[in-house]
Visitor: 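Take this structure first; my questions come after.
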Amino acid sequence: NAAFTIAEAHNLLFSRSDEEYMASADWSRLIVEGRDASLGLGKAMQARDYAMMKENFATLVNSCNACHEHFEMDVDPMTVEPTTVEGRRR
């Protein structure tokens, strides 16, 4: 599923070195955090575990936003809208 593709995209970020900050510990930490959340999301999707999907998706979005904010990339942050247990927006 797409979550595993996102995890692999995080792995590919380790091979980048075109910016100085890409050698920093913060860069590596944020990549690992995003990759792990993506893997967790994929596994939760396979298990059809909605609570874990929601948790890992929020962690993934927050990790992406934290990285883009920390390294001042020109990308608007995403937001995760609150949902009910049934998955409907409040």
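Please read all numbers here as calculations on a predicted model, not as lab measurements.
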Visitor: What distance do Glu33 atom CD and Asp26 atom CG have between them, rounded to the nearest 0.5 Å?
Guide: 11.0 Å

Visitor: Using the side-chain contact (heavy atoms from CB on, under 4.5 Å) criterion, which residues pair with Glu55? Sequence neighbours excluded.
Guide: Met52

Visitor: Any salt bridge (Lys or Arg N to Asp or Glu O under 4.0 Å) involving residues 57-68? Give me the pairs, sequence neighbours left out, ordered by first then second residue.
Guide: none

Visitor: What distance do Ser63 atom OG and His10 atom NE2 have between them, rounded to the nearest 0.5 Å?
Guide: 5.5 Å

Visitor: Checking Ser28 now: which residues fulfil side-chain contact (heavy atoms from CB on, under 4.5 Å) with it, not counting sequence neighbours?
Guide: Phe14

Visitor: With hydrophobic residues grouped by side-chain heavy-atom distances under 4.5 Å, do Leu39 and Leu60 end up in a single group?
Guide: no

Visitor: Using ring-ring contact (aromatic ring centres under 6.0 Å, His included) as the criterion, list what pairs up with Tyr21, not counting sequence neighbours.
Guide: Trp27, Phe71

Visitor: Considering residues at least two apart in sequence or located in another chain, which fulfil the salt bridge (Lys or Arg N to Asp or Glu O under 4.0 Å) criterion with Arg16?
Guide: Asp18

Visitor: Residues sharing Leu12's hydrophobic cluster, by side-chain heavy-atom contacts under 4.5 Å among ILVMFWY, directly or via others?
Guide: none

Visitor: State which residues pass side-chain contact (heavy atoms from CB on, under 4.5 Å) with Met53; sequence neighbours excluded, sorted by chain then number.
Guide: Leu41, Ala44, Met45

Visitor: About how many Å separate CD1 of Ile31 and SG of Cys67, when rounded to the nearest 0.5 Å?
Guide: 6.5 Å

Visitor: Among pairs that include at least one residue of residues 34-46, which meet side chain to side chain donor-acceptor pair (under 3.5 Å), considering only residues two or more places apart or in two chains?
Guide: Asn11-Arg35

Visitor: I need the minimum non-hydrogen distance between Thr59 and Ala37, along with the two atoms involved.
Guide: CG2-CB, 3.8 Å

Visitor: How close do Ala66 and Leu30 get, heavy atom to heavy atom, and via which atoms?
Guide: CB-CD2, 4.1 Å

Visitor: Going by salt bridge (Lys or Arg N to Asp or Glu O under 4.0 Å), name the residues that satisfy it together with Asp49, two or more places apart in sequence or in a different chain.
Guide: none

